[in-house]
Amino acid sequence: MPAAPHFQSEFLRTFAARGAYYDCSGPAELDAMFAKERVTAYIGFDCTADSLHVGSLVQLMTLRRLQQAGHKPILLMGGGTTKAGDPSGKDETRQLLTTEQIEANKQSILGGIKHLLTFGDGPSDAVLVDNAEWLDKLDYIPFLRDVGRHFSVNRMLSMESVKLRLDREQPLSFLEFNYSIMQAYDFVELYKRYGCKLQSSGSDQWGNVVSGIELGRRMEQAQLFGLTTPLITTASGAKMGKTAAGAVWLNAGRVSPYDYWQFWRNTEDRDVGRFLRLFTDMPETEVARLESLEGAELNDAKKVLATEATAILHGRAAAAAAEETARSAFEDGASAAGLPTITAALPDGILNLAVAAGLAASNSEARKLIANNGLKLNDAAVSDPKQVVDASALNSDGVLKLSSGKKKHVLVKPA
């Protein structure tokens, strides 16, 4: 990661101090712009699924930081670019979605993240824009003449997202090949419509960001800027937001507030301070205090991280409820009604229940869990992988509790 310049503007100085800075274009000029004016900046999100995941959270927090510092964020939804598909980081062509699917995904995504920002007509209020507003209306030949002529195929072939496919001899559709042109054109449109001068993104999008900067200079004689954030990995090198159960989604319908809280509670010791800076609004003095804790006290810092990160996404009440559910389940051994719940037909085998509850990926993995005394039924270790669970296992609440180790619990309701 490049060393951050010694910024003078409050936003960039704080942004770098919180560990969110990776690189930027024209650092001195960008710093001067932040020091003298309210900056309008955008980040784009495609609508390929019905929720964003934790991998997008640094970008969402960037928009939040911009607004907190008095600047104007634009949340750009890729209703248009999703129809092409971003080839970045993909080994194969994405499945094409219908316009209706893209719109449904967009509305679902917004339902999970809009409350991170304040939208409105004020000077620093966020603006919600969909790039389908202009991309869907483009005429092919005029677009090629007005925009496409500014792009070198030689340079496009050298972009990492394209090289990856070609080097592996994997197909890259002509539609996907045009993605970087569309993204660059977004920047120009947002500059023309909103005076937007900055695009932020993850560092893997740098090539597309630069294309937008260059297109703005050629088409509008505008000085535009790019600001990138690092791709977050854990201290042990794992990709951020990936667990054994899959991606950590931001929408509560995909990952419950309790499971989201647990994800942050399970942060590695060495990541506590870094994640507090990146993913919460806590002041630096308190972050420094929490990351200096050791031993059992560091677990308290992880609980603070979990509660603060969950409060930002799901609200303070949901975060408090998740924390109390965890305390009840872990410290009191109670069934804790707020735990994730599944429905299953009883009687059923313990292996099937463990898989259905997401505690194991397969029956063989569940057997290993049992062999290592890792699977519990109503807080009692399971020893027989052939055990059949029936209604007699239900507690007074009419449910049973399955646990994997000390940290993962699921309630099972009879169908």
Next on the checklist: Distance check, rounded to the nearest 0.5 Å: D50 atom CG versus S108 atom OG?
Outcome noted: 4.5 Å
Checklist outcome for this item: The complete set of ring pair (Phe, Tyr, Trp, His ring centres under 6.0 Å) pairs with one or both residues in residues 282-325, sequence neighbours excluded, reads Y260-H314
Item to check | Any side-chain donor near an acceptor of the partner, T228 and D23, under 3.5 Å | outcome: no
Checklist entry - Quick one: does D125's side chain have a donor or acceptor within less than 3.5 Å of a partner on G122's backbone? => result yes
Checklist entry - Who are the salt bridge (Lys or Arg N to Asp or Glu O under 4.0 Å) partners of D31, not counting sequence neighbours? => result none
Next on the checklist: side-chain hydrogen bond (donor to acceptor under 3.5 Å, both in side chains) for S201 and Q59? Distances and angles first, verdict last.
Outcome noted: CA-CA 7 Å; S201 73; Q59 304 310 317; 5.7 Å; no
Item to check | Exercise: do E268 and T234 side chains pair donor with acceptor under 3.5 Å | outcome: yes
Next on the checklist: Before you tell me yes or no, could you show the steps for D186 and W134 under side-chain hydrogen bond (donor to acceptor under 3.5 Å, both in side chains), namely the whole-Å CA-CA distance, both residues' side-chain angles and the distance that decides it to 0.1 Å?
Outcome noted: CA-CA 8 Å; D186 284 347; W134 51 84; 2.8 Å; yes
Checklist entry - For D46 and Y179, does a side-chain donor sit closer than 3.5 Å to a side-chain acceptor? => result yes
Checklist entry - Is there a donor-acceptor pair closer than 3.5 Å between any side-chain N or O of R316 and the backbone N or O of A311? => result no
Next on the checklist: Quick test of your reading of the model: are K106 and E103 salt-bridged, counting only N-O distances below 4.0 Å?
Outcome noted: yes
Checklist entry - So, is the end of the K72 side chain (NZ or CZ) under 6.0 Å from the ring centre of Y194 and within 45° of the ring's axis? => result no
Item to check | For the student: nearest non-hydrogen atoms of V304 and M282, plus distance | outcome: CG1-SD, 3.6 Å
Next on the checklist: Could you walk me through whether I370 and I350 satisfy the side-chain contact (heavy atoms from CB on, under 4.5 Å) test, starting with their C-alpha distance in whole Å, then the side-chain angles of each, then the deciding distance to 0.1 Å, before giving a yes or no?
Outcome noted: CA-CA 10 Å; I370 292 171; I350 190 68; 4.1 Å; yes
Checklist entry - Between R13 and E10, is there a side-chain N and carboxylate O pair less than 4.0 Å apart? => result no
Next on the checklist: To the closest 0.5 Å, what do you measure between CD (Q199) and CD1 (I213)?
Outcome noted: 8.0 Å
Next on the checklist: Using modelled atom types and a 3.5 Å cut-off, is there a donor and acceptor pairing between side-chain atoms of D130 and backbone atoms of L76?
Outcome noted: no
Next on the checklist: Looking at K401 and L411, would you say the former's side chain and the latter's main chain have a donor-acceptor pair under 3.5 Å?
Outcome noted: no
Item to check | Sidechain N-carboxylate O distance under 4.0 Å for K408, D259 | outcome: no
Next on the checklist: So does I43 get a backbone contact from the side chain of S200, meaning a donor-acceptor N/O pair under 3.5 Å?
Outcome noted: no
Checklist entry - Is the backbone N or O of T307 less than 3.5 Å from a side-chain atom of T310, with the two atoms forming a donor-acceptor pair by type? => result no
Checklist entry - Side chain of H71, backbone of A41: donor and acceptor closer than 3.5 Å? => result no
Item to check | Any donor-acceptor N or O pair under 3.5 Å, side chains D281, Q68 | outcome: yes
Next on the checklist: Assess, by modelled atom type and distance only, whether the side chains of S51 and N251 contain a donor and an acceptor separated by less than 3.5 Å.
Outcome noted: yes
Item to check | Flag, side chain of S403 to backbone of H409, donor-acceptor distance under 3.5 Å | outcome: no
Checklist entry - So does K413 have more than 12 non-hydrogen atoms from other groups sitting under 6.0 Å from NZ? => result no
Next on the checklist: I'd like to know if the side chain of D384 reaches the main chain of K386, judged simply by a donor and an acceptor atom lying under 3.5 Å from each other, with no hydrogens or angles considered.
Outcome noted: yes
Next on the checklist: Check E133 with R193, please: is the shortest side-chain N to carboxylate O separation under 4.0 Å?
Outcome noted: yes
Item to check | Shortest non-hydrogen contact from C196 toward F187 | outcome: O-CE2, 3.9 Å
Item to check | Stepwise side-chain hydrogen bond (donor to acceptor under 3.5 Å, both in side chains) check, T81 with Q183 | outcome: CA-CA 7 Å; T81 43; Q183 184 172 329; over 6 Å; no
Checklist entry - Between F34 and F7, does the ring centroid distance fall short of 6.0 Å? => result no
Checklist entry - Does the side chain of L353 come within less than 4.5 Å of V412's, by heavy atoms? => result yes
Item to check | Q205 and N208: CA distance, side-chain angles, deciding distance, side-chain hydrogen bond (donor to acceptor under 3.5 Å, both in side chains) verdict | outcome: CA-CA 5 Å; Q205 292 288 318; N208 290 334; 2.9 Å; yes
Checklist entry - Under 30°, 30 to 60°, or over 60°: which ring-plane class applies to F15 and F11, parallel, tilted or perpendicular? => result parallel
Checklist entry - Please walk me through it: do F279 and W264 pass ring pair (Phe, Tyr, Trp, His ring centres under 6.0 Å)? => result CA-CA 10 Å; F279 302 115; W264 294 107; 5.0 Å; yes
Checklist entry - Just by distance, do the side chain of T82 and the backbone of C47 share a donor-acceptor pair under 3.5 Å? => result yes
Checklist outcome for this item: The side chain to side chain donor-acceptor pair (under 3.5 Å) partner of K302 among D269, T267, D271 is D269
Checklist entry - Is any NZ, NE, NH1 or NH2 atom of the basic residue among R265 and E323 found under 4.0 Å from an Asp or Glu carboxylate oxygen of the other? => result no
